Novice: 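Below is a structure I'd like to ask you about.
Just so you know, these numbers use all the heavy atoms, side chains as well, and skip hydrogens, waters and symmetry mates. Keep in mind that what you see is a predicted model, and the values were worked out from it rather than measured.
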Protein chains: 2
Amino acid sequence: MGDRAAKDALYDGLATVAKALGNGRRAEIVDLLAQAERPVDEIAAEIGQSVANTSQHLQQLLRAGLVTARREGTRSHYSLAGDRVQQLWAAVRDVATEQLAEIDRLAAAYLGDRTGLRTITREELHESVRHGEVVLLDVRPEPEFRAGHIAGALSVPIDELRRRLSEVPAGNHVVAYCRGRYCVYADDAVRMLTAAGYEAARLEDGFPEWAATAGAIDDGTPRDAPSGTRSVLVGSPDRGSRP
Amino acid sequence: MGDRAAKDALYDGLATVAKALGNGRRAEIVDLLAQAERPVDEIAAEIGQSVANTSQHLQQLLRAGLVTARREGTRSHYSLAGDRVQQLWAAVRDVATEQLAEIDRLAAAYLGDRTGLRTITREELHESVRHGEVVLLDVRPEPEFRAGHIAGALSVPIDELRRRLSEVPAGNHVVAYCRGRYCVYADDAVRMLTAAGYEAARLEDGFPEWAATAGAIDDGTPRDAPSGTRSVLVGSPDRGSRP
DNA sequence: CACGTCTTCAATTGATTGCTTGACGAGCAT
DNA sequence: ATGCTCGTCAAGCAATCAATTGAAGACGTG
């Protein structure tokens, strides 16, 4: 005990968790699964990789304990293995954005010019929601909304926003949110809404961060079956999910 | 904007931080630097690697923004690049211990049999310290004590404990602490103290965790030059560091 | 049962990683 | 300057990794 080989083995073991996150594609997968569980083929499409390759990445995440699998007939649904994993991924992002100037550049290249896009923080949104003075739009794909969303939000996936613009009550401030800080959906929504004459802003980060700080969320589980993975259940279920 | 290549590049960028931690030797380095800054040769000795190899690992950590370097004459001292990095490493450890059964096995192999070793939590220690009912021993190497320690602790490096046993006041409960949960020093200290007739226990985790939760610490900076990196400064400086 | 779908496995290839060795360079001492 | 120490750099090699392709397992459907 206390020998070199055993110590190395222990730290190798601890490092496997970090190693699993140490690949861009797997990072994308974790970021995606932070929204909701997903079958393999959808993950593959979302990260732009072959199903075979995606499956192997998922196996690796599985071995590292970052995700769990649930079979349903012929499909395997993967999801994050607990809130700790979420926090870990957040810590990685925080350090990266804080320490690497590179990230700013890469984010700008991916997201485009964000000047002129108003953003609000979680705290500001919390205030606004409480005073009922904003319309809150969830512009993520509908399944992610169904898996959990900010209480009181309307689901208007970004794909449908243009033709459903009329559903957004006029005369109100509008706040759009999506997957997170590096997600383009809310940006696009704000641009579209602003062009249509709305006062629009995006939530600075996304749903996972809101849920992590125990903001009011709605996890879509029926009121009489409180077994959801989400902790706080506030707001009317499915309001606006299908108009 | 919004294209695949740019998105991949962004996530590759975020993943570099995780990749830097995704190696057992680099993980050891980060764990070590969580105690205090260190010159390269000491780090190399501590992780059992050649200086050249260690230097390359440090370059990699540097590029990933996890550590910073400070030259002093011919030596480079490395230290962690901020509290966020500390939190990141803690998150990695937490996920690993929670999700990987393997870790328990590896820890047992390295640390040996821990049954019979009493441990106390930070909260319990906090209580005990406040009532002044324990003797608190910092059994890490002296430079680490000097870089920061729990307020009121005596520095008795594990190497010196045996011949300095008489300095430990009898009749008191003794608590030893060291680098963290996977550090053997406090274990050894408790065994030695117990054999000598003391009521001894180890702090469950180590100094970094204590400092992170803003427990009372003493960073060794003179009272009239409050420019230390530690936030809370309590207790008499250097008490017991040299008897 | 045979068929199609979704997923995983296995073999392969090119790129990257971790460590070694040996040389180079920067700063102090004599 | 001439050493000397400490740290970094560069080349090389075995091992590992990410992606591709093609085949093999599962499971539901006709």
Novice: Take the protein atom CG of B/Asp8 and the nucleotide atom P of D/dA18, then report the distance between them rounded to whole Å.
Specialist: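 So the CG-P distance, B/Asp8 to D/dA18, works out to 14 Å.
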Novice: Would you say A/Asn23 reaches D/dC17's phosphate, i.e. side-chain N/O to OP1/OP2 under 4.0 Å?
Specialist: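 For A/Asn23, the contact criterion (side-chain N or O under 4.0 Å from OP1 or OP2 of D/dC17) is not met.
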Novice: For B/His77 and for A/His57, locate the closest nucleotide of DNA chain D by heavy-atom distance; then report the residue assigned to the nucleotide nearer the 5' terminus.
Specialist: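 Per heavy-atom nearest nucleotide, the more 5' residue is B/His77.
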Novice: Using a 4.0 Å heavy-atom cut-off across all strands, classify B/Asp41 as base, sugar-phosphate, or nothing.
Specialist: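 Here B/Asp41 touches the backbone only, sparing every base.
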Novice: Are B/Leu80 and B/Trp89 side-chain neighbours, meaning at least one heavy-atom pair lies under 4.5 Å?
Specialist: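 No, every pair of side-chain atoms sits at 4.5 Å or beyond.
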Novice: Separation of A/Arg75 atom CZ from D/dC27 atom C1', in whole Å?
Specialist: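 My rounded result for the distance is 13 Å.
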Novice: How long is the line joining CZ of B/Arg25 and C1' of D/dT16, in whole Å?
Specialist: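 From B/Arg25 CZ to D/dT16 C1': 15 Å.
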Novice: Base, sugar-phosphate or nothing for A/Glu72? Non-hydrogen atoms, less than 4.0 Å.
Specialist: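 No contact at all - A/Glu72 keeps every heavy atom at 4.0 Å or more from the nucleic acid.
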Novice: What do the steps show when you test A/Glu28 against B/Arg4 for salt bridge (charged side-chain N to carboxylate O under 4.0 Å, His left out), and what is the final call?
Specialist: CA-CA 12 Å; A/Glu28 279 190 70; B/Arg4 186 79 259 155; 2.7 Å; yes
Novice: Measure OH/B/Tyr78 against C1'/D/dT8 and give the value in whole Å, please.
Specialist: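 Checked: the OH to C1' distance equals 8 Å.
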Novice: Quick one, A/Asp187 with A/Arg114, criterion salt bridge (charged side-chain N to carboxylate O under 4.0 Å, His left out). Give me CA distance, side-chain angles, the key distance, then yes/no.
Specialist: CA-CA 8 Å; A/Asp187 285 10; A/Arg114 270 179 159 175; 2.8 Å; yes
Novice: How is A/Ser76 classified with respect to the nucleic acid when contacts are heavy atoms under 4.0 Å: base, sugar-phosphate, or nothing?
Specialist: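 Touches sugar-phosphate only.
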Novice: Report the distance from atom CZ of A/Arg70 to atom P of D/dA26, rounded to the nearest whole Å.
Specialist: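 Computing the A/Arg70:CZ to D/dA26:P distance gives 20 Å.
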Novice: Counting N and O atoms only, with roles assigned by atom type, does the side chain of B/Gln49 sit under 3.5 Å from a partner on the main chain of B/Thr54, one being a donor and the other an acceptor?
Specialist: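 Not a single qualifying donor-acceptor pair exists.
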Novice: So where does chain B start and stop touching DNA chain C, 5' to 3', when the test is distance under 4.0 Å to a non-hydrogen atom?
Specialist: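 Contact span on the strand: C/dT17 to C/dC28.
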Novice: With the side chain counted from C-beta on, respond yes when A/Lys7 and B/Tyr182 share a heavy-atom pair under 4.5 Å apart, and no when they do not.
Specialist: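 When only atoms from C-beta onward are counted, B/Tyr182 and A/Lys7 do not touch, as no gap falls below 4.5 Å.
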Novice: Which is true for B/Val51 with a 4.0 Å heavy-atom rule: it touches a base, it touches only sugar-phosphate, or it touches nothing?
Specialist: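 The residue B/Val51 makes base contact.
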Novice: Is B/Arg71 close enough to D/dC6 that one of its side-chain N or O atoms is under 4.0 Å from OP1 or OP2 there?
Specialist: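 No, no such contact exists.
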Novice: Which part of the nucleic acid does B/Glu42 contact within heavy-atom distance under 4.0 Å: base, sugar-phosphate only, or nothing?
Specialist: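 Contact class for B/Glu42: none.
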Novice: With the side chain counted from C-beta on, respond yes when A/Asp138 and A/Glu144 share a heavy-atom pair under 4.5 Å apart, and no when they do not.
Specialist: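 No; the side chains remain at least 4.5 Å from each other.
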Novice: Classify the nucleic acid contact of A/Gln56 as base, sugar-phosphate or nothing, counting any heavy atom under 4.0 Å across all strands shown.
Specialist: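 It contacts base atoms.
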Novice: Take A/Gly73 and B/Ala52, find for each the nucleotide of DNA chain D with the closest heavy atom, and name the residue whose nucleotide sits nearer the 5' end.
Specialist: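 So the residue in question is B/Ala52.
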Novice: Within a radius of less than 6.0 Å around CZ of B/Arg162, do more than 12 heavy atoms belonging to other residues, nucleotides or ligands occur?
Specialist: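 No, not enclosed.
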Novice: Please report the distance, rounded to the nearest Å, between CG in B/Asp12 and P in D/dA18.
Specialist: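 Nearest whole value for this atom pair: 11 Å.
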